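Since we're looking at a predicted model, the values are computed, not measured.
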Amino acid sequence: MDFASTALLIAASLNAGTALAIASLGLLINEKAGIVNLGAEGMMLCAALAGFATVVHTGSTTAGFAAGMAAGAAMAAVFGGLTIWLNTNQYATGLALSLFGGGFSAFAGTSYVQEKLPDQTQYAIPFLADIPFVGPALFRQHPMVYLCVALAVALVWFLFRTRAGLVLRSVGESPESAHALGYPVRRIRLMAVMAGGALCGLAGAYVSTVYTPLWVEGMIAGKGWIALALTTFATWRPARVLLGAFLFGGVTMLQLYLQGMGVQVPSQFLTMLPYIATIVVLVLISRNPTWIRINIPGSLGKPFYPGGQ
């Protein structure tokens, strides 16, 4: 593989990993607040349809991103109302949301299957894009790629350098203690769930309007499940989420490049790599009680009862 092909592979990996990274960062916010949302796949599908339909009717990718975020936040709000206020089982509710999103998007999107989006703008950072190898690899990306990196940095700062981030983490670690100190645990969790849903929606809209600008049924193709696995793989650290997303994106693109070079690698093997990596990380964490306390939010997946039970 020559330098030009390597640069294109890096660029394609960043592009492919962006949607995974944005969705995973959203799910990380949820899980830092103690909520597990298995509905990411369904939210991303509905957001992908909302974003695509908006761009078809308005011609604005920005409006498409906004519509995707709104769709994701709305579905997350429903999930939050059920799990946070009515204390339904988080895992069952998330699975139901995922199934609903898949079916609803398939039904509502039938009239958009043949639609086409306007030609995309080619982006390049002046001067930097002309640097040999580095320019094509890093500086000719869609702005959302750079926004994704900035989002990860901002989330690190928010979670570990601000009082609001400390409160969010305390709600995820010990909601009873946070409630005793006067913090509105349910309201904080709902805001975290909606913020995470908005990011999942942004990721879904990115897939349908930028990454593969079209609409077909089931086009998210498991990215929501990979995003869920990625949060665990990264041990709930935003910087590791970003690196892991680009790594998984690279694995996806590498398959295509290897096939182009005549190297036959079973697609099923590469598809299962993210899940194998996640299982390995869980096994390593579970071997040490200290690692469990450090890495896994204390109340993750557990309901909160303000009056006790």
Side-chain angles (χ1 to χ4, degrees), residues 1-26 28 47-48 51-52 54-56 58-69 116-162 198-214 223 226-227 230 234 237-261:
M1 185 181 293
D2 57 20
F3 283 112
S5 298
T6 304
L8 291 176
L9 176 59
I10 294 173
S13 300
L14 295 177
N15 190 22
T18 296
L20 293 176
I22 295 173
S24 296
L25 290 173
L28 184 145
F52 183 84
T54 301
V55 176
V56 167
T58 66
S60 170
T61 304
T62 302
F65 290 153
M69 293 180 71
K116 295 183 178 179
L117 299 184
D119 293 336
Q120 293 190 33
T121 303
Q122 298 299 317
Y123 295 94
I125 299 178
F127 305 111
L128 295 178
D130 297 326
I131 300 175
F133 183 76
V134 178
L138 302 178
F139 299 116
R140 297 180 183 177
Q141 300 285 348
H142 190 278
M144 193 59 67
V145 176
Y146 308 115
L147 180 62
C148 170
V149 177
L151 179 63
V153 174
L155 190 55
V156 170
W157 174 80
F158 171 77
L159 288 174
F160 302 106
R161 293 291 184 270
T162 69
L199 290 181
C200 285
L202 178 61
Y206 177 83
V207 172
S208 65
T209 60
V210 176
Y211 182 59
T212 52
L214 52 82
K223 289 181 177 62
I226 295 177
L230 186 54
R237 296 291 194 277
R240 296 177 188 174
V241 164
L242 188 67
L243 294 175
F246 290 147
L247 174 63
F248 290 173
V251 169
T252 303
M253 292 297 105
L254 183 62
Q255 172 190 348
L256 303 177
Y257 275 80
L258 290 176
Q259 290 177 350
M261 297 171 61

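Nearest heavy-atom pair, Q120 versus P213, reported as atom, atom and distance to 0.1 Å: NE2-CG, 3.2 Å. Here the closest heavy-atom approach between residue L242 and residue C148 is recorded as CD1-SG, 3.6 Å. Contact detail for P238 and V156: the closest heavy-atom pair is CB-CG2, 3.5 Å. Pairing each heavy atom of A205 with each of G68, the nearest pair is CB-CA, 4.1 Å. Nearest heavy atom pair, residue F65 against residue T209, reads CE2-OG1, 3.4 Å. Smallest separation of non-hydrogen atoms from L117 and S208: CD1-O, 3.8 Å.
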Without placing hydrogens or testing angles, list every side-chain donor-acceptor pair under 3.5 Å for residues 124-142, not counting sequence neighbours.
residue : atom : partner : partner atom : Å
R140    : NE   : A129    : O            : 3.1
R140    : NH2  : A129    : O            : 2.9
Q141    : NE2  : A11     : O            : 3.1
Q141    : NE2  : A137    : O            : 3.4
H142    : ND1  : M144    : N            : 3.0

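Between the CG atom in L151 and the CG atom in L202 there is a gap of 8.5 Å [rounded to 0.5 Å]. The CZ atom of F52 lies 10.5 Å from the NZ atom of K116; values are rounded to the nearest 0.5 Å. Note that the CZ atom of F246 and the CD1 atom of I10 stand 12.0 Å from one another [nearest 0.5 Å]. For the atom pair CE of M69 and CD1 of I22, the computed distance is 9.0 Å after rounding to the nearest 0.5 Å.
Taking 4.5 Å as the limit, some side-chain heavy atom of L159 sits within range of a side-chain heavy atom of L28. With a 4.5 Å cut-off on side-chain heavy atoms, Y206 and V145 count as touching. Within the 4.5 Å cutoff, the side chain of I226 has no heavy atoms near those of the S24 side chain. Contact check for T121 versus T61: no side-chain heavy atoms found under the 4.5 Å cut-off.
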